[in-house]
Amino acid sequence: REIVHVRLNQEQTAQQYVKIGLPQAAAGFMAWLESNTASGQEATTNDDVERLTGRAPKNLDTYIQENKNAWL
């Protein structure tokens with residue numbers, strides 16, 4: 001069967017969350033988080049990982065590529 005991706009705006013996303021039972025406030029917050037992530041606003045780094053581990057931080061895509069054999 002064909003699966004089609006439909007991009008929803010923030011309000012539409014919130015309404016989908018309400019449909020599955022989230023309270024309006026929680027639905028709005030989740031939609032806001034998704035919107036920020038999609039626009040790249042959550043793609044920030046700091047030096048916390050390096051200070052704690054001594055290694056530079058990696059983004060999720062890099063981590064997945066380096067460890068993909070663990071999930072095969």
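What you see is a predicted model; the values in this text were computed from it and never measured. Sequence positions, counted from 1, serve as the residue numbers for this chain. Heavy-atom basis, side chains included; hydrogens, waters and symmetry copies ignored.
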>> Ignoring hydrogens, what is the shortest heavy-atom contact between Ala14 and Ala27? Give both atom names and the distance.
In response: O-CB, 3.4 Å

> Got a sec, which hydrophobics cluster with Met30, joining ILVMFWY side chains under 4.5 Å apart, including via others?
Replying inline: Tyr17, Ile20, Leu22, Phe29, Trp32, Leu33

>> Test your reading of the model: is there a side-chain donor-acceptor pair from Ser35 to the backbone of Ala31, 3.5 Å cut-off?
In response: no

>> Let's go through Gln41 and Thr37 carefully: what are the C-alpha distance in whole Å and the side-chain angles of both, what is the deciding distance for side chain to side chain contact (heavy atoms under 4.5 Å, CB included) to 0.1 Å, and is it a yes or a no?
In response: CA-CA 6 Å; Gln41 293 181 26; Thr37 301; over 6 Å; no

>> Do Gln15 and Gln12 have side chains that approach each other closer than 4.5 Å (heavy atoms only, starting at C-beta)?
In response: no

> Nearest heavy-atom pair of Lys68 and Gln65: which atoms, and what distance?
Replying inline: NZ-OE1, 3.3 Å

> Is it true that atom CZ of Arg51 has more than 12 heavy atoms of other residues, nucleotides or ligands lying nearer than 6.0 Å?
Replying inline: yes

> Between Asp48 and Asn46, is any side-chain donor less than 3.5 angstrom from a side-chain acceptor?
Replying inline: yes

> Can you tell if the side chain of Lys58 reaches within under 4.5 Å of the side chain of Glu66, non-hydrogen atoms only?
Replying inline: yes

>> Under a 3.5 Å distance rule, please check whether Asn59 uses its side chain to pair with a backbone N or O of Thr62 as donor and acceptor.
In response: yes

>> As an exercise, state the distance from CG of Leu60 to CD1 of Ile64, rounded to the nearest 0.5 Å.
In response: 3.5 Å

